[in-house]
2 protein chains.
Amino acid sequence: MKTTIYDVAEKAGVSISTVSKVINHQPVGMKSKQKVLDAMQELNYKPSVLASALTGKRTSTIGFLLPDIANPLIAEMARRVEDRAHEYGFNVVICSTDFKSEKEERYVSLLRQKRVDGFILAGGFRNKEVIHELISDNIPVILLSESQPYSSLTTVTVDNFLGGYELTAYLISLGHSRIAVIAEDNASSRERIRGYSQALQESDLDIHEDLIVVTDSTAESAQSLASSLLQSSNPPTAMICCNDILAIGALLAAREEHVLVPEELSITGFDNTLISKSSDPPLTTVEVPVQSMCSQAVDLLIDEIEGKASEKQKILVLPKLIVRRSTSRFH
Amino acid sequence: MKTTIYDVAEKAGVSISTVSKVINHQPVGMKSKQKVLDAMQELNYKPSVLASALTGKRTSTIGFLLPDIANPLIAEMARRVEDRAHEYGFNVVICSTDFKSEKEERYVSLLRQKRVDGFILAGGFRNKEVIHELISDNIPVILLSESQPYSSLTTVTVDNFLGGYELTAYLISLGHSRIAVIAEDNASSRERIRGYSQALQESDLDIHEDLIVVTDSTAESAQSLASSLLQSSNPPTAMICCNDILAIGALLAAREEHVLVPEELSITGFDNTLISKSSDPPLTTVEVPVQSMCSQAVDLLIDEIEGKASEKQKILVLPKLIVRRSTSRFH
DNA sequence: ATGAAAGCGCTAACAC
DNA sequence: GTGTTAGCGCTTTCAT
């Protein structure tokens with residue numbers, strides 16, 4: 001049989017409330033405390049988180065909803081969140097929502113039944129109703145890497161605008177002026193495009209709408225889009241791809257069209273994932289400070305859980321340009 | 001205030017035990033049942049998993065311990081496990097152990113305090129003591145993708161021996177006879193090497209121990225090892241790398257040494273991860289049927305949890321050779 | 001400083 | 001078929 005607080009109390013010759021007090025670090029007489037500690041040790045006693053949660057304590061568990069844990073970038077975030085949470089003695093329950101409102105709702109509901117202490121919602125949470133329910137039920141929530149503006153929530157995001165801006169400015173500095181963008185249909189990409197536009201404007205370069213194309217998230221469709229771009233009468237000399245996978249697609253397109261990278265075409269990725277290092281040539285890309293973002297998200301969440309959150313805040317972390325061999329000067 | 005079983009009972013005009021019975025699908029009179037259902041609906045009642053678990057019911061949560069969720073292959077496994085578990089209404093708590101015995105112990109202990117219903121231990125669990133404790137405490141455990149022989153546990157693994165065998169046999173069929181192996185120091189690699197040796201023997205080819213090298217898990221060290229191999233007086237014409245990342249290292253080494261792949265050197269990976277498709281050239285590799293393995297692992301675990309497991313079994317799933325452009329005939 | 005006792009929300013006999 | 005009641009293991013007043 002599992003050993004309970006009663007067993008410990010009996011062994012230590014005190015009452016269960018005394019045991020409870022030592023568990024919760026409440027004032028207890030020196031000698032009783034020692035006896036209890038000894039008894040706990042001897043019996044290898046572990047308090048039941050269930051029972052304690054039932055009486056109003058926390059479960060020390062947080063729900064982490066994300067689009068798809070199989071996505072390497074997100075997996076990396078999961079790892080960081082997990083590590084940070086464990087530092088505080090919290091466990092993380094991961095649920096992949098595939099951007100499906102319905103799954104989002106189901107998982108949130110499931111996790112609430114299990115009384116998780118709070119949620120981190122990462123990378124595009126569709127179901128606003130669920131979010132509002134969480135807010136109105138006063139459940140701690142952090143939005144991570146999610147550009148949507150929820151005024152009443154704490155969010156942690158990378159500065160996508162700046163990332164797009166820096167990438168573009170770098171390409172301009174290399175002499176490029178016809179720079180295409182292969183984007184996804186989401187808020188992050190839109191921000192990156194804004195940065196791109198800003199950089200062009202600051203250099204008095206025209207923005208050609210036909211150089212900005214939107215694709216789904218596969219390398220294949222990026223490849224076909226990039227091919228069309230290259231076959232056009234006045235092809236771009238550089239392509240900014242809104243993530244590394246899209247950039248791989250562009251790379252394949254260039255190879256197919258016998259366009260040399262980087263001599264004839266510069267290509268950039270975004271996210272600095274593993275494939276940006278292993279591709280040929282390795283990709284110039286933008287590093288997102290995943291670790292810092294995730295640590296902050298966890299810290300903020302736990303602050304809220306423990307009621308010591310000052311107020312909702314928006315945190316913007318800075319991206320970093322990583323120059324590799326997929327870009328070069330344009331003559 | 002959260003609505004409880006009492007609220008529902010009151011609203012429906014029945015006793016809490018009747019409500020409990022309808023929740024647990026026990027025989028209840030038609031009309032009472034309907035009233036209860038209505039009340040639950042109206043009050044938006046969700047049973048507390050905590051309370052019910054406290055009385056001996058399950059928590060419908062499983063612990064999934066793995067080396068590192070940031071590893072793409074493992075992330076894919078996590079996704080599959082998660083999906084399958086959700087089909088049964090189970091949640092998954094993921095913990096990355098980094099192969100550290102100490103973390104393994106801490107996480108298992110933490111999760112047991114939270115009364116998870118069972119564990120899936122994936123890809124190399126070091127701490128045998130913890131495993132034995134789990135066994136002796138009669139807690140359901142499945143070993144996933146873990147070649148170590150625990151006689152008293154159900155395991156699900158890919159047939160690494162066969163994978164190594166098929167890869168080697170394929171290279172032999174292409175005319176290769178000097179085939180190197182770049183392996184990791186773990187049970188999977190050892191199995192793959194066994195398959196390699198077997199294939200060589202069946203073709204009456206000699207096994208050269210100096211062609212079998214062991215590295216840590218980084219592309220960098222694989223690269224330097226591959227370089228040495230290529231610089232030797234009698235270099236191999238093919239390299240079997242025990243995972244795709246190592247193969248990328250070999251690819252880089254070949255490029256560095258100006259050895260053409262696949263014309264002068266064939267390279268193979270293992271696992272069929274994303275990078276095996278995006279590399280240049282894309283890698284011939286072995287696909288591990290992750291989805292099937294994970295589904296089976298979850299099914300077996302839940303069978304054990306529900307007490308309807310027949311007996312411990314060893315499941316071996318079959319790998320599949322994927323031929324891409326990193327291998328070619330040797331003249 | 002310590003203990004007795006009343007819950008937390010639910011399940012499972014047991015009685016009606 | 002339905003209700004009563006005693007726990008599950010813990011926290012928390014409230015006495016002592």
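Per chain, numbering begins at 1; letters A, B, ... match sequence-line order.
The backbone N or O of B:Glu133 lies less than 3.5 Å from a partner atom in the side chain of B:Ser136, making a donor-acceptor pair. At distances below 3.5 Å, not a single donor-acceptor pair connects side-chain atoms of B:Asn24 with backbone N or O atoms of B:Lys21.
In 5' to 3' order, the nucleotides of DNA chain C bounding all contacts with chain A (an atom under 4.0 Å from a heavy atom) are C:dA1 to C:dG9.
Using a 4.0 Å cut-off between charged side-chain N and carboxylate O, B:Arg106 and B:Glu102 make no salt bridge. Between A:Lys100 and A:Glu105 there is no salt bridge, since none of the side-chain N atoms of the basic residue sits less than 4.0 Å from a carboxylate O of the acidic one. A:Asp38 and A:Lys11 are not joined by a salt bridge, as no carboxylate oxygen comes within less than 4.0 angstrom of a charged side-chain nitrogen.
For A:Asp299 and A:Tyr88, the side-chain atoms include at least one donor-acceptor pair closer than 3.5 Å. No side-chain donor from either of A:Gln313 and A:Thr154 sits under 3.5 Å from a side-chain acceptor of the other.
Partners of A:Glu104 under the side-chain contact (heavy atoms from CB on, under 4.5 Å) rule, at least two apart in sequence or in another chain, are A:Thr97, A:Ser101, A:Phe125, A:Arg126, A:Asn127. Partners of B:Tyr45 under the ring-ring contact (aromatic ring centres under 6.0 Å, His included) rule, at least two apart in sequence or in another chain, do not exist in this structure.
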Please tabulate, for side-chain N and O atoms in residues 54-71 of chain B, each donor-acceptor pair with protein atoms closer than 3.5 Å (sequence neighbours left out).
unit_1  : atom_1 : unit_2   : atom_2 : d
B:Thr55 : OG1    : B:Ser52  : O      : 2.8
B:Thr59 : OG1    : B:Arg115 : O      : 2.7
B:Thr59 : OG1    : B:Asp117 : OD1    : 3.2
B:Thr61 : OG1    : A:Lys114 : NZ     : 3.1
B:Thr61 : OG1    : B:Thr59  : O      : 3.1
B:Asp68 : OD1    : A:Arg79  : NH1    : 2.8
B:Asp68 : OD1    : B:Ala70  : N      : 2.9
B:Asn71 : OD1    : B:Leu73  : N      : 2.8
B:Asn71 : OD1    : B:Ile74  : N      : 3.3

Review point. Which nucleotides of nucleotides 7-13 of chain D have their base under 4.0 Å from a protein heavy atom (B), which only their sugar-phosphate (S), and which neither (-), written as one string 5' to 3'?
Key: BBBBBB-
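Annotation: the terminal axes of the helix from C:dA1-D:dT16 to C:dC16-D:dG1 meet at 40°, where each axis is the rotation carrying the C1' atoms of four end pairs onto the next four (5 pairs per end, rounded to 10°).
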